[in-house]
Every structure is written in structure tokens, then in C-alpha cells.
Amino acid sequence: MKTSKKINLNEKEMPGKWYNIQADMPNKIQPLLHPGTKQPIQPGDLEALFPLELIKQEMSPERFIEIPDQVADLYRIYRPTPVHRAYNLEKALDTPAKIYFKNESVSPPGSHKPNTAIPQAYYNYKQGIKKMTTETGAGQWGSALSFATNFFGIECKVFMVKVSFNQKPYRKSMMQLWNGSVIPSPSMETQAGRAFLAEDPNCPGSLGIAISEAIEVAATHDDTMYSLGSVLNHVMLHQTIIGLEAEKQMEMAGDFPDLIIGPFGGGSNFGGLSFPFLRHNFTGGKKTRCIAVEAASCPKLTKGKFEYDFGDTAGMTPLIPMYTLGHKFIPPEIHAGGLRYHGAGAIISQLLKDGLIEARSVDQQESFGAAVAFARTEGLIPAPETAHAIAQVIREAKIAREEGIAKTILFNFSGHGLLDMSAYDQYFSLGNGSTAAHQEALLGQLINA
Ligand SMILES: *Cc1c(COP(=O)(O)O)cnc(C)c1O
């Protein structure tokens, strides 16, 4: 058995700038519209919610943007992150494809999300902000922002979707550990929350509702700003540290990806890995295919419409030009909480509309099957979100086998599943994956699917 090959960068090789794809994408994104006037928003319209530097980044045409020293210092707690070659998975799948993954699960909160939480907390701190609000579904984003704000002495208030608040007690503890305060949403703290509770006292909540609550608190308090963990352009920008590192690591491995795959919630980890490679499609004659993998139960990219829609349920955010299932859509309660968002970021949506990236969907059963196969071959336990990308990797490895083509696949291992074991428990309790024979069948099934 060959052990996994791990490709590390040293700290000095960590990129000093983020990459802004807005400089190179062939068709620019349409402007955000003001929720009241429906006119293109002006930078000033966002000043109640975000610090100036982030608003500047949101609209910036600059190709590269400097990473501040204090941000880089905090990145070094867990960056650069390794790229691994998944030899054992390749062998189990009997595929000629080479499978690499970028391991973003090594951050303290366990996902890629601190890549943007750290700079967002930093720019708020630089502007003298003392409090930030946000929302979280499964708890990954809330824990990343608590982790980051804690370094800058900023108070962090997290509206957590009520079902997850009850289902994921350890994510809540993690936020508290890093000084975050966690409120189940919908709550009585906001007008939006009270309205949803009046309609349905047992409302389980949704990401869209929690966003409405967090925005309301920021908009009505001068000392408080709002923060979003995906979808927006500045979030994608910060996440490109993933792809910029991976570019160097693939070069060290002597390979270049034919295919890039990432799980898709609002687009930040997928964009973060793929944008620096797409740049070479736009300007360097490369032809890397980039595939975003969403949950079949929340299929905005594969079944949604491209139109202007709100980012939240109450209709308080600017209107975003995006693929969406409608801002009132409340997705089923799947384990991959990070994929339960009704829309996609504006940049991703434009790229998809222009046929420059692709999208696929994966259902929960197939994703857990892939996660178990991955844990048993490569050892790492994937987050339920990450499992969606792995399922697509397995599909592509099968196609490579049928075609006899040794293509190179790079996917984003966006997070670990160590706080999602109850989801694995449920998967096993249904009789899945419990014996070696079942696992054989599972891999076979995936291979022949
Ligand atoms: C939040 C999350 C996602 C999805 O969010 P994106 O903004 O689309 O990246 C994927 N994987 C993990 C582990 C997450 O925490």
C-alpha cells in the first residue's frame, strides 16, 4: 500500500496577495440593486453594514490585493495548508485518474471559513468597530467568525438556525469557547425574528431568516457591523488563498489539474480553489473544467433561475443577480447545513451563465457513501458538505476509468466531520456501510452508478 503523498509549502511561500477574478472574467457581473429603490447600490449604501475596506474590495477592479501583515500572521496558525495525493482512493476505484485534494480542514474551526473570517474581523477592527453580528447554519461560519473576532477584541453575536442550535450543541460550545454569543433564530431580539415567530411559534428557522436578524441588529446599531461567510465578492476574494497555494503545490507535484471540484453552498470554497486556475483559462490558454457540487435538495445552480433576488428571507439585503431558488425557499433539513442556502454568489452565477464553469448535484445518500469510502481509504473524516465533492470525484474517476484517460483531478477538502458524527451515526443506523461486503458494494455501486 502506497501512503498518501503530502505536498507542503513553507510559510515563506504563502501568497502575499489575494486574486480578484473580477479583473479577468469576460462578462462583468451586473450591479447589486438597492432593496428599496431598486437602483444600483452606491458604496455609501453599504456603510451601515460593512467597513469601508471591505466595500472597496467588493467593487474592486484590481487584479491582486495585498494581504495585510496582521492577517497573514493569523493565517500562519494553520496556513499554508497541505495538498495530498489520494493514492489509496485511486487504487480502490481502480482509476487511471490522479486525485489530489487541498486540505482546508486543518484550520482550528475545521474548515476553509476562517480564510475570510480573519480579514473581515481585521478590517472591522481597523475601523474601530467593537461588535459584529452574523448568522450560521450548521455552525461552521459562526465558529470561524468567533475564532477570528476573538483575536481583535470584537464582540461576536451569532444568530444560529434553531434546528441546528438544537442538533449541534458542540458547534455552539465552540463559538462560546472563542467568546461568541449564540442566539437561536428566529429570536425575540429582532423585529424580523418576532414576525416569523408570530406566524409560526415552532419555526425551525433558516439561513435566510437568520441573515435578516443579523442584518437588522447591525443596521440599527451604530457600533455594530454585519458579516457574511459566503456569496459576496470580498468573501470569494479572501478564499482565493486556497487556489493560489494549490497552484504552487500542483507545480511542485509536476501536475496541472484538468478538473477542479468543490462543494457548493454560496460558492466561497469552490471559488477560492477554482478562480486562480480559471484565470489561466481566461488569459493563458488552459482548459481546466471547474465543477461546483451542490446538494440535490437545494439545487440553485442546476435547477434555479438566474434573476435578481434577495440574499435573505425578509428582503433586507441588496438584490443580487444570481441563480436562486427564491428567497422564501426553505430547504429540507439535510446534514450538510452549509449547503442549505437558496442562492449563489453573483460572480459564480455569471460564470455559470456564461458556460465557464459547470454544476452538478448529489443527494445525501450518495454523499455519505462517498464520505465513508474516503474515510476508509484516505483516513480523513469529511464534513457532510465536503462529501458532496467527493461523490463527484468518484463519478469522474469512474468516467476516467471507462475512457482510459489519466486525467488530473483536484478537489477541495473543505472541512472535517468530527463534529458531525451524529450524521454518520444516522447513516450507519440505517444499515449503511457496516460490513466490508457492504463497503465493497458501495464502492462498486458508486463506480457503476
Ligand atoms: C460552509 C461550508 C461549505 C459551503 O460554503 P461555501 O461558501 O459554498 O464554501 C462547504 N464545506 C464546508 C466544510 C463548509 O463549512
Side-chain angles (χ1 to χ4, degrees), residues 81 101-117 120 134-147 158 160-161 164 168 171 174-175 207 210-211 227-243 260-275 290-295 298-301 311 322-323 331 334-349 351-352 357 359 361-362 367 371 374 380-392 411-420 423:
T81 65
F101 62 94
K102 178 73 166 157
N103 187 358
E104 290 296 306
S105 77
V106 298
S107 78
S111 78
H112 64 285
K113 291 196 169 76
N115 297 337
T116 185
Q120 289 195 44
T134 196
E135 70 291 327
T136 198
Q140 291 268 22
W141 171 241
S143 43
L145 192 65
S146 302
F147 163 79
V158 183
M160 185 171 187
V161 177
S164 306
K168 312 227 173 197
R171 277 282 161 199
M174 208 173 195
M175 289 181 247
L207 215 44
I211 295 176
S227 166
L228 192 60
S230 186
V231 177
L232 295 179
N233 305 337
H234 65 266
V235 178
M236 308 284 157
L237 172 77
H238 302 151
Q239 292 293 356
T240 59
I241 183 100
I242 303 172
I260 288 178
I261 295 174
F264 193 92
S268 75
N269 88 85
F270 170 75
L273 179 62
S274 63
F275 288 178
C290 299
I291 305 179
V293 190
E294 62 187 5
C298 193
K300 55 257 178 183
L301 297 177
M322 63 179 177
Y323 280 94
I334 53 167
H335 295 299
L339 306 189
R340 288 177 76 237
Y341 184 65
H342 67 271
I347 295 177
I348 296 279
S349 294
L351 294 172
L352 183 66
I357 59 169
S361 70
V362 166
S367 71
F374 188 81
L380 303 182
I381 300 174
E385 292 84 0
T386 308
H388 289 70
I390 299 172
Q392 184 63 29
F411 80 89
N412 206 10
F413 192 84
S414 57
H416 67 63
L418 296 178
L419 294 182
D420 299 282

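Residue indices begin at 1 and follow the sequence shown. The figures here come from the full heavy-atom set of this structure, side chains too, leaving out hydrogens, waters and symmetry mates. Counting starts at 1 for both ligands and their atoms, in listed order. Computed from a predicted model, the values in this text were never measured in an experiment.
- Under a 3.5 Å cut-off, the side chain of E294 and the backbone N or O of L301 do form a donor-acceptor pair.
- The single protein non-hydrogen atom nearest to atom 13 (C) of ligand 1 is S414 OG, 3.4 Å, given as residue, atom name and distance.
- Under the 3.5 Å distance criterion, with hydrogens and angles disregarded, a donor-acceptor pair is assigned to the side chains of N115 and E104.
- A donor-acceptor contact under 3.5 angstrom links the side chains of T116 and H238, judged on distance only.
- Heavy-atom proximity to G267, at under 4.0 Å, picks out these atoms of ligand 1: 6 (P), 7 (O), 8 (O).
- Under a 4.0 Å criterion applied to the non-hydrogen atoms of G338, ligand 1 contributes the atoms 4 (C), 5 (O).
- Within the 4.0 Å heavy-atom criterion, neither part of W141 lies near ligand 1.
- Side-chain N or O atoms of Y341 include none that pairs as donor or acceptor with a backbone N or O of C298 at under 3.5 Å.
- The option with the heavy atom closest to atom 8 (O) of ligand 1, from among P382, G265, A336, is G265.
- For atom 7 (O) of ligand 1, the nearest non-hydrogen atom of the protein is S230 OG, 2.5 Å.
- Relative to atom 2 (C) of ligand 1, the option among H112, K113, Q140 with the closest non-hydrogen atom is K113.
- Side-chain contact annotation: T134 with S227, donor-acceptor N/O pair under 3.5 Å absent.
- Listed by number with element, the atoms of ligand 1 under 4.0 angstrom from any heavy atom of N269 are 6 (P), 8 (O), 9 (O), 10 (C).
- Short contacts between ligand 1 and G415, defined as distances under 4.0 Å to a heavy atom of the residue, involve ligand atoms 13 (C).
- Taking the six-membered ring where the residue is Trp, the centroids of F101 and F374 are separated by under 6.0 Å.
- Side-chain N or O atoms of Q120 include one that pairs as donor or acceptor with a backbone N or O of L228 at under 3.5 Å.
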